[in-house]
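Note sheet for the following structure.
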Amino acid sequence: MCEDTHDQARGLGRRALFVTGAAAALTLGPVSFAAADGGRQETRTVRGTLPPGSPDYVYVPVDVPAGVREFRVSYTYDRPSVPAGTPGNALDIGLFDQHGTELGGRGFRGWSGGARTEFFVRADDATPGYLPGPVREGTWHIALGPYTVAPQGLSYELTITLTYGEPGTTPRPVYPPSRARGRGRDWYRGDCHLHSWYSDGRRTPAEIAALARAAGLDFVNSSDHNTHSAHPHWADQAGDDLLVMLGEEITTRNGHVLALGTEPGTFVDWRYRARDNRWARFARDIRRAGGLVVPAHPHATCVGCGWKFGFAEADAVEVWNGPYTPDDEVTLAEWDNLLVASVRAGRDWLPAMGNSDAHRAPDSVGLPQTVVLADDLTREAVQEGIRAGRSYVAESRHVTVSLTATGGRGLRAGLGERLPVSADTPVTLRLDVSGAPRCSLRLVTDQGTLVTSDPLPVSGTGSVEWRTTPAYAAYVRAEVRHETALGPVPGALAAFTNPIFLGEGGGRPAAGRAQ
């Protein structure tokens with residue numbers, strides 16, 4: 001083995017700031033290796049310090065000669081003490097191959113964020129989060145993401161090892177089918193925000209699938225952070241009873257968004273901020289790949305989690321994420337404000353959904369879950385139900401909700417639909433709930449919450465009827481809330497529905513836009 005150690009420049013010295021296809025990125029001087037010589041290994045150690053205010057991504061070029069079998073990287077960085085309330089050091093990492101770092105990801109070979117301290121890629125295998133494939137000659141780039149930098153700066157050390165030899169054979173990926181054995185047109189339960197050990201989760205796809213089945217789910221969506229490497233590893237977990245859709249959680253510095261149900265092997269880049277005006281391009285790419293665009297936890301309080309891109313490109317929005325907390329209550333209120341604005345302006349409206357965002361124990365898969373009225377248990381049918389807002393969100397398989405509107409000459413509408421009657425026509429709303437003991441039922445309109453029931457009995461079953469007119473209520477949606485003494489939020493949700501619209505106005509889900 002041959003080893004070599006050198007320091008990259010401290011601070012910004014001997015570094016170039018390049019504005020390429022991605023947002024401004026710092027590119028360091030290249031690390032070079034000798035040509036292949038038998039079956040040996042070579043190692044280079046790179047050290048440097050990133051100051052506060054560093055660009056979002058720092059690239060370390062590595063000149064890879066011919067004849068390399070494996071590319072391996074390990075890294076460490078310092079974590080100095082910082083005052084309370086001051087972010088400390090956090091450094092993410094990933095890899096781009098000889099195709100380069102241009103925005104769009106042609107050279108993408110993997111991303112582990114801050115979940116791992118080392119990774120490798122070779123033709124026949126790769127660390128979870130990374131893509132197997134040949135290590136070809138050319139300039140590769142290790143991508144460093146200084147997520148947060150302490151006032152003292154962030155000192156890091158990279159150890160890069162190339163192993164020479166025959167490359168091996170890259171396995172052909174096999175993906176899960178796009179349909180399962182359904183029940184025809186029916187209500188199907190799913191969780192579309194899940195993390196495996198292919199990003200920062202701690203569960204295998206097999207463990208997640210078992211938990212999904214135990215939670216009574218009919219479908220799930222793979223959504224690892226900034227990588228599609230898990231896609232082929234879900235094939236063995238799908239079955240007649242479980243539809244597995246494929247996607248990604250695009251984790252930018254200005255918020256996270258789900259690519260829900262894209263074509264297998266679809267990668268969506270994340271290296272931009274709202275100010276870069278590039279988000280619309282990638283939203284279109286998601287839809288062209290057959291997926292839905294769903295901003296995730298828009299008001300989450302973690303660094304970089306708050307959604308800053310607006311909702312003009314969204315097909316739905318994740319209103320409820322994991323156990324119900326204050327940020328979900330804020331998102332619910334914001335979503336309701338969007339509904340009010342849409343009906344007053346005659347604009348398209350944005351459906352809501354809920355997902356668990358489960359990473360590891362004790363995170364519960366299926367808390368919450370989106371219950372979708374779909375024509376069958378296929379990717380396209382489930383997506384169409386979500387796009388149309390024919391859905392509600394429940395905290396578990398035990399909670400069921402039905403909201404219908406009737407009026408006029410026998411007209412009837414359900415969730416996500418419109419009851420097209422004149423402004424003064426009497427309309428009857430009926431809400432039926434089961435599996436929600438001691439919960440109160442609410443009917444919410446563009447005028448606010450107009451109906452609140454007494455708590456349900458311990459059986460958890462009950463109903464509410466209410467008569468109104470489209471002139472008084474432009475839409476009606478339902479909430480099922482726990483007693484105020486329970487949970488981290490007073491009156492935390494057990495379930496909520498998408499709206500039913502009343503009257504002869506226009507409007508459709510915003511997801512009806514063309515690709």
Short side-chain donor-acceptor distance under 3.5 Å, [Y] and [X]:
X    : Y    : answer
D424 : S422 : yes
S223 : N221 : no
T400 : S434 : yes
T325 : D328 : yes

Excluding sequence neighbours, so at least two apart, what forms side chain to side chain contact (heavy atoms under 4.5 Å, CB included) with [X]?
X    : value
L411 : L419, P420, V421
A423 : A471
E479 : L332, R442, V444, R477, R481, L493, F496
E318 : H193, L258, V294, A296, H297, N321, N355

Which pairs, with at least one residue in residues 400-409 and sequence neighbours excluded, count as a salt bridge (Lys or Arg N to Asp or Glu O under 4.0 Å)?
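Sorted pair list comes back empty.
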
With sequence neighbours left out, which residue pairs that include part of residues 211-233 fulfil the salt bridge (Lys or Arg N to Asp or Glu O under 4.0 Å) condition?
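Found R183-D218, R213-D241.
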
Taking the six-membered ring of Y57 (Phe, Tyr or Trp), confirm whether the NZ or CZ of R253 is under 6.0 Å from its centre and within 45° of its axis.
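Pair R253/Y57 counts as cation-pi.
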
Can a salt bridge be assigned to the pair D315 and R387 using a cut-off of 4.0 Å between side-chain N and carboxylate O?
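Result for this pair is no, no salt bridge flagged.
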
With the threshold set at 4.0 Å, does a side-chain nitrogen-carboxylate oxygen contact exist between E313 and R287?
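Judged by the 4.0 Å cut-off on N to carboxylate O distance, E313 and R287 do form a salt bridge.
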
Pairs flagged by side chain to side chain donor-acceptor pair (under 3.5 Å) wherever residues 227-239 is involved - sequence neighbours left out:
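Listed once each, the pairs are Y198-H233, S222-W234, T227-S229.
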
All salt bridge (Lys or Arg N to Asp or Glu O under 4.0 Å) counterparts of [X], not counting sequence neighbours:
X    : value
D191 : none
E263 : R379
R360 : none

Holding to ring pair (Phe, Tyr, Trp, His ring centres under 6.0 Å), I want the full list of residues that pass it with H359, two or more places apart in sequence or in another chain.
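H359 satisfies ring pair (Phe, Tyr, Trp, His ring centres under 6.0 Å) with H195, H225 once adjacent residues are dropped.
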
Using side-chain hydrogen bond (donor to acceptor under 3.5 Å, both in side chains) as the criterion, list what pairs up with N277, not counting sequence neighbours.
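With neighbours one apart ignored, the set is empty.
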
